[in-house]
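Numbered from 1 within each chain, the chains take letters A, B, ... in sequence-line order. Computed over heavy atoms, backbone and side chain alike; hydrogens, waters and symmetry mates excluded.
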There are 2 protein chains.
Amino acid sequence: MTQCCEHHPPEEQLTRNQRLVLDALRSEDGPLTAYNLLDRLRDEGLRAPPQIYRALEKLVETGIVHRLESRNAFVSCNHAHCGGQGVLFAVCDDCGSIEELRTDAIDAALRSTTEAIGFHAHRLAGEVRGVCRPCGLKKTAS
Amino acid sequence: MTQCCEHHPPEEQLTRNQRLVLDALRSEDGPLTAYNLLDRLRDEGLRAPPQIYRALEKLVETGIVHRLESRNAFVSCNHAHCGGQGVLFAVCDDCGSIEELRTDAIDAALRSTTEAIGFHAHRLAGEVRGVCRPCGLKKTAS
DNA sequence: TGAAAACTGTTATAATATAACATAACGGTT
DNA sequence: AACCGTTATGTTATATTATAACAGTTTTCA
Ligand SMILES: [Zn+2]
Ligand SMILES: [Zn+2]
Ligand SMILES: [Zn+2]
Ligand SMILES: [Zn+2]
């Protein structure tokens with residue numbers, strides 16, 4: 001969370017804009033788009049898209065924040081991603097909720113798949129569509 | 001390729017615009033963006049983005065074409081995806097080449113990961129970043 | 001045949017992201 | 001302190017990606 005290993009720069013080194021963006025993402029439990037963030041941070045002096053995108057770029061690079069590709073949105077992460085594990089979201093087709101999964105169980109299978117074609121895998125990024133537990137229960141109830 | 005099972009509508013049923021877009025994608029070995037396609041198909045009478053996006057929507061829905069999220073681009077597929085297997089691309093960080101992988105080997109691990117949280121998974125969509133075989137060989141050579 | 005559904009063409013606009021440039025703050029060296 | 005390279009910032013303008021909305025046409029099929 002704070003600093004799990006030598007790979008991650010400590011959060012204290014974040015710049016003002018990076019910190020503002022990160023805090024905004026943390027204070028939200030779902031994903032936010034760059035323009036959502038811009039709206040929320042205008043009062044703090046962030047007025048133009050590049051300011052947001054630059055902060056996001058750095059945060060994503062260090063793995064504190066992930067980009068949710070299918071929605072052009074960003075979420076803060078409280079996993080570690082130390083050894084270079086992947087980033088995988090479970091996205092509910094019914095309610096749109098998302099949850100980040102650990103890829104540990106998948107990594108071995110993934111590796112064998114890529115090795116078969118001589119591809120040297122670094123990390124997986126993906127999304128699983130499906131139905132979350134609450135939505136599943138609602139369905140069987142009805 | 002043509003029709004592998006009852007899930008896929010036969011390609012003969014594609015409309016003119018869908019066929020034009022599909023053929024354009026097939027004639028290219030890499031991914032194309034919607035606007036790339038628009039440029040290539042202007043002479044065939046496709047002049048506006050919605051015409052391209054609508055065709056793509058249908059093609060992606062039926063699984064003949066995939067969307068490469070990290071690039072906002074589209075690629076034709078020659079796998080089957082019958083049982084609802086996922087869509088997974090290996091993307092080379094060095095040369096940008098892409099290759100579609102089968103997800104069979106990782107489906108089980110994925111399932112156990114999602115079941116652990118009560119999520120009922122339908123299908124995976126993702127990308128593995130890494131280094132492709134040719135680029136790997138170039139590196140060790142140098 | 002005749003209504004519903006799907007596809008088409010078109011214009012306009014929304015939403016997402018980056019280029020380019022000028023300035024300011026930071027960090028280490030002399 | 002003065003210097004210099006690097007990184008971060010603010011700003012304007014623009015590029016890129018995607019959809020809304022509407023009118024007309026074709027296809028499907030009861
Ligand atoms: Zn994470
Ligand atoms: Zn749900
Ligand atoms: Zn495929
Ligand atoms: Zn390569």
Side-chain angles (χ1 to χ4, degrees), chain A residues 8-25 28 30-62 64-75 91 96 98 125 127, chain B residues 8-25 28 30-75 89 91 96 98 125 127:
Chain A
H8 302 180
E11 288 190 9
E12 293 74 36
Q13 286 179 17
L14 294 177
T15 68
R16 173 178 150 84
N17 289 0
Q18 288 159 13
R19 172 135 294 286
L20 285 168
V21 168
L22 178 59
D23 288 346
L25 285 172
E28 190 76 21
L32 292 173
T33 70
Y35 283 79
N36 291 157
L37 287 163
L38 186 53
D39 286 343
R40 279 171 173 67
L41 295 174
R42 217 173 291 268
D43 293 343
E44 313 289 341
L46 299 214
R47 291 182 244 275
Q51 299 175 280
I52 305 291
Y53 280 105
R54 287 194 283 232
L56 285 171
E57 182 182 24
K58 191 54 171 272
L59 294 168
V60 167
E61 207 175 280
T62 68
I64 314 177
V65 163
H66 302 310
R67 185 197 163 104
L68 196 56
E69 300 280 0
S70 71
R71 297 209 212 161
N72 301 323
F74 301 83
V75 236
V91 179
I98 65 156
E127 301 177 21
Chain B
H8 302 180
E11 288 191 7
E12 293 75 39
Q13 286 179 18
L14 295 177
T15 67
R16 173 178 150 84
N17 289 0
Q18 289 160 12
R19 173 137 293 286
L20 285 168
V21 168
L22 178 58
D23 287 346
L25 286 172
E28 190 76 21
L32 292 173
T33 70
Y35 283 79
N36 292 157
L37 287 163
L38 186 53
D39 285 344
R40 278 171 173 66
L41 295 174
R42 218 173 290 269
D43 292 344
E44 313 289 340
L46 299 214
R47 291 183 246 276
Q51 298 175 279
I52 303 292
Y53 280 104
R54 288 195 283 232
L56 284 171
E57 183 181 24
K58 192 52 171 273
L59 293 169
V60 167
E61 208 175 278
T62 68
I64 314 176
V65 163
H66 302 309
R67 185 196 164 107
L68 196 56
E69 299 280 0
S70 70
R71 298 208 209 159
N72 301 322
F74 301 83
V75 233
F89 290 97
V91 179
I98 65 156
E127 300 176 24

Nearest-Å distance, [atom1] ([X]) to [atom2] ([N])?
X       : N      : atom1 : atom2 : result
A/Glu69 : D/dA18 : CD    : P     : 12 Å
B/Arg71 : D/dT16 : CZ    : C1'   : 16 Å
A/Asn17 : D/dT9  : CG    : P     : 4 Å
A/Asn36 : C/dA17 : CG    : C1'   : 15 Å
A/Gln18 : D/dA8  : CD    : P     : 6 Å
B/Asn72 : D/dT19 : CG    : P     : 10 Å
A/Leu38 : C/dT18 : CG    : P     : 15 Å
A/Leu41 : D/dT9  : CG    : C1'   : 15 Å

Donor-acceptor pair, side chain of [X] and main chain of [Y], under 3.5 angstrom:
X        : Y       : value
B/Glu127 : B/Val91 : no
B/Glu44  : B/Leu20 : no
A/Gln51  : A/Asn17 : no

Nucleic acid contacts - residues 48-57 of chain B versus DNA chain D, non-hydrogen atoms under 4.0 Å: B/Pro49, B/Pro50, B/Tyr53, B/Arg54
Please determine whether a side-chain nitrogen or oxygen atom of [X] lies at a distance below 4.0 Å from atom OP1 or OP2 of [N].
X       : N      : value
B/Thr15 : C/dT8  : yes
A/Lys58 : D/dA8  : yes
A/Arg16 : D/dG10 : no
A/Arg67 : C/dA17 : yes

Verdict with reasoning, B/Val65 to B/Val21, per side chain to side chain contact (heavy atoms under 4.5 Å, CB included): CA-CA 10 Å; B/Val65 163; B/Val21 168; over 6 Å; no
Test applied, side-chain contact (heavy atoms from CB on, under 4.5 Å); reference residue, A/Phe74; option that passes from A/Leu59, A/Val60, A/Asn36, A/Thr33: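 With A/Phe74 as partner, side-chain contact (heavy atoms from CB on, under 4.5 Å) holds for just one option, A/Val60.
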Side chain to side chain contact (heavy atoms under 4.5 Å, CB included) between B/Phe89 and B/Val75, intermediate numbers included: CA-CA 10 Å; B/Phe89 290 97; B/Val75 233; 3.8 Å; yes
Nearest heavy-atom neighbours spanning B/Ala48 and B/Leu38: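 Smallest interatomic distance, heavy atoms only, reads N-CD1, 3.8 Å.
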Candidate nucleotides C/dA17, D/dT11, C/dG9, ranked by approach to the side chain of B/Leu46 - the nearest: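 Taking heavy atoms from C-beta onward, the closest nucleotide is C/dG9.
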Distance-only donor-acceptor test (3.5 Å): side chain B/Tyr35, base D/dA15: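 For B/Tyr35, whose side chain was compared with the base of D/dA15, there is no donor-acceptor pair (under 3.5 Å).
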